[in-house]
Amino acid sequence: MATEADSSSSSDDIDWRSESSSVEMSRRDRLEEFYRHSVYEPAAVAWSDRRTRIGIVILSVYLLMALVEILGLWRDPSPSQAERLLPPFQNWAYPLGTTQSGVDLLALIIDSTPFILLMVLAGGVWATGIAVLVGTVSGYKGGAIDTVITSVSDFFMAIPGLPLVIILAITFSPENPIFLGMILTINYWAGLGRSIRSQVLSIREASYVEAARTMGTGTSRIILKDVLPNIMPYVMVNFVLAARYTIFASVGLYFIGVLPYTGQNWGVTLNNAYNQGGLFTMQALHWLLVPIVAIVGLAFGLILVSQGMDRIFNPRVRTRLTGESESVDEEGENESTSTWV
Amino acid sequence: MNYYLRRTLRIPLTVLAVATLTFGLIRLLPGGPFTQLRIQLIRQGVPVEQVNARIEALQNIRPDAPLWQQYLDYLVGVAQLDLGRSISLNQPVMEVLARAIPWTIFLVVTSTVLMFVIGVLIGAVQAYWEGSTFDQMASGSSIFLMAVPYYIFAVVFLFFLAFQLNMFPTGNAVDRGVEASLSVEYVASVLHHAALPILSFTIGGIGSTALNMRGNGIQVLGEEYVEVARLRGLSDSRIATRYVAKNAILPMYTGLLLLIGFRLGGTVVLEQIFSYPGLGYYLISAVQANDYPLMMGCFLIITVTLVVAVYVADLTYGLIDPRISAGDSDGY
């Protein structure tokens with residue numbers, strides 16, 4: 001990489017002054033090159049896709065809400081801070097209306113955004129991280145290591161996720177968002193690891209991997225340099241799916257009142273609305289709908305980004321680098337990756 | 001045949017491992033259920049000297065025996081289908097679960113089959129008329145459906161169809177007072193009660209199934225063997241079923257195994273919302289009542305159900321795709 005940048009810079013501008021300035025140039029070039037390759041091009045390609053664009057906008061709203069909460073720009077939720085069951089979009093001091101006990105719903109939603117985002121991130125990183133580690137090692141190394149890893153993940157696949165999480169939640173009472181995210185995806189890695197393994201199995205037979213092996217390149221280097229880049233699109237898509245699973249599972253379990261909680265959050269709000277009469281009258285409908293929109297919106301944003309993410313990794317699209325124009329709308333969508341579970 | 005034998009032998013091994021896990025959770029965790037059970041019994045006014053005997057009766061574990069003895073006792077109990085006695089319901093755990101299992105399986109199987117069939121059909125049509133208005137609309141809705149968890153559908157249906165319009169019941173699996181038999185009245189009542197749970201559990205999965213099928217379908221349609229089949233003059237229906245559908249669905253079938261696991265776990269939330277008396281419902285009520293024998297029993301049975309379901313699916317996969325029975329060809 002570095003040598004490539006060096007040679008291109010020296011051929012581009014043949015420097016007649018001195019050696020030292022050429023070194024300076026090349027460092028800046030290298031930075032520029034890095035910016036272009038790793039920041040600008042992916043961003044341009046991602047932005048050129050409508051789905052990613054909408055997804056990024058949606059996710060930004062959530063980041064903004066988290067920021068508002070961290071900086072304390074909106075009031076904290078507390079009972080009887082306003083009229084009871086105020087409908088949404090009536091009183092602009094309480095844009096989303098209030099609950100039966102007079103809590104500002106917008107404050108409730110904003111209040112738990114940092115918690116939820118942190119938990120979702122932790123769940124996604126943990127589940128995909130372990131899956132990639134397990135999948136690549138067992139797929140690439142094979143032999144006894146493979147047998148052991150496969151048996152262990154088979155065992156974890158045989159345990160239904162949510163019931164296990166419920167049992168663990170009772171045992172550990174996780175209230176820290178990062179810990180909770182990890183508990184929720186406690187056995188999510190197993191299935192993902194298996195499918196990554198089967199992809200690695202075919203990659204390890206590719207000619208360039210074999211060439212690297214013949215040249216005596218170390219295993220970890222081959223995995224990092226040759227195998228990982230190939231499964232990266234699949235991993236990114238599945239990162240998003242794991243994140244989605246974390247949201248769904250956490251809100252679901254908060255909703256039925258199994259996870260311990262100290263404050264309010266989307267699932268708890270939904271649970272309160274559901275249990276305290278929100279189901280019976282139309283006046284309380286917004287109380288149910290506001291947390292629902294918050295949940296669905298976040299999941300929708302994540303999925304849109306993952307759908308468009310495919311393009312960032314698709315070299316055919318990237319080399320064309322149409323950037324701003326819409327003409328990238330080629331058949332980049334036949335991803336056979338199973339975006340399923 | 002070796003493959004089937006190995007596959008079959010793995011079932012008792014997995015069940016053993018899961019039973020060990022539940023035993024570990026009951027017995028070994030500091031401050032875990034076992035300790036809490038003891039505290040609870042003392043608080044209920046059971047004399048201290050009788051607590052051990054009560055725990056033994058409830059959980060099949062002799063608290064004063066050495067650990068290995070407790071473990072063996074527990075395993076023997078599990079093997080004899082004796083999972084202890086439920087504290088809150090005052091019935092043998094196995095009896096409670098035996099009543100609950102059919103309902104859960106009914107929900108999961110019906111909704112998974114419906115989801116798969118509908119999703120595959122929509123995805124196939126999308127792939128065939130790729131880029132059409134229908135394709136774009138369906139893709140958009142599929143992405144949206146993927147963003148909505150099934151329990152949201154459940155809550156919304158419950159709100160509008162059950163509570164506001166009174167079209168569907170809001171709980172239970174059958175009407176009270178209807179005798180369990182194969183009478184029209186009974187079956188109708190069962191279907192009426194299961195309609196909303198099944199509907200919400202099905203809709204949630206259609207989106208991703210359709211998107212997946214669409215991707216596979218487009219890929220298969222571009223393969224050379226489909227072209228060759230056309231040139232050979234095979235009938236359209238034959239090409240569609242034997243060539244395209246089969247090769248597009250097969251890769252999804254493996255994913256189905258994983259999906260069954262997630263869906264079985266998902267009934268916990270679903271059954272709770274609809275007060276549907278399946279395994280998940282009892283799991284949650286056991287959790288809320290601190291009824292550890294029932295809780296661990298539910299967990300164990302849900303896991304065993306999953307193990308058996310995946311096993312059945314694995315075997316049928318071998319029947320559908322002969323390549324798989326050649327042993328795990330990827331085994332190196």
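First the proteins, then the strands, lettered A, B, ... as listed; each starts at 1. Just the heavy atoms: all of them, side chains too, but no hydrogens, waters or symmetry mates, feed the values below.
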Greatest number of heavy atom pairs closer than 4.5 Å to chain B - which of A:T147, A:L289, A:T150, A:I292
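Of A:T147, A:L289, A:T150, A:I292, A:I292 has the most heavy-atom pairs under 4.5 Å with chain B.
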
B:D135 side chain to B:G131 main-chain N or O, any donor-acceptor pair under 3.5 Å?
yes

In terms of relative ring orientation, are A:Y245 and A:Y188 parallel, tilted or perpendicular, with 30° and 60° separating the classes?
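Tilted, since the angle between the ring planes falls between 30° and 60°.
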
Using 30° and 60° as the class limits, which term best fits the ring planes of A:F300 and B:F144: parallel, tilted or perpendicular?
perpendicular

Which region of [X], side chain (C-beta onward) or backbone (N, CA, C, O), has a non-hydrogen atom less than 4.5 Å from a non-hydrogen atom of chain B, or is it both or neither?
{"X": "A:L270", "value": "side chain"}
{"X": "A:I256", "value": "both"}
{"X": "A:I166", "value": "side chain"}
{"X": "A:V251", "value": "both"}
{"X": "A:V258", "value": "side chain"}

Among the listed options [options], the residue most often paired with chain A at heavy-atom distances under 4.5 Å:
{"options": "B:T14, B:I152, B:V307", "value": "B:I152"}
{"options": "B:V156, B:V287, B:T303, B:T267", "value": "B:T303"}
{"options": "B:I302, B:T305, B:I273, B:T170", "value": "B:I273"}

Of B:L158, B:V269, B:L270, which is the lone residue that meets side chain to side chain contact (heavy atoms under 4.5 Å, CB included) with B:Y151?
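With B:Y151 as partner, side chain to side chain contact (heavy atoms under 4.5 Å, CB included) holds for just one option, B:V269.
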
Proximity breakdown for B:I284 and chain A, heavy-atom pairs closer than 4.5 Å:
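For B:I284, the contact with chain A is made by the side chain alone.
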
When the aromatic ring centroids of A:F255 and A:W266 are compared, is their separation below 6.0 Å?
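That pair fails the under 6.0 Å test.
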
Would you find more than 12 non-hydrogen atoms of other residues, nucleotides or ligands less than 6.0 Å from B:Y281 atom OH?
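Result for OH/B:Y281: open.
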
Suppose the criterion is salt bridge (charged side-chain N to carboxylate O under 4.0 Å, His left out): which pairs have a residue in residues 149-174 of chain A, not counting sequence neighbours?
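Every pair satisfying salt bridge (charged side-chain N to carboxylate O under 4.0 Å, His left out) with a residue in residues 149-174 of chain A: A:D154-A:R194, A:D154-B:R10.
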
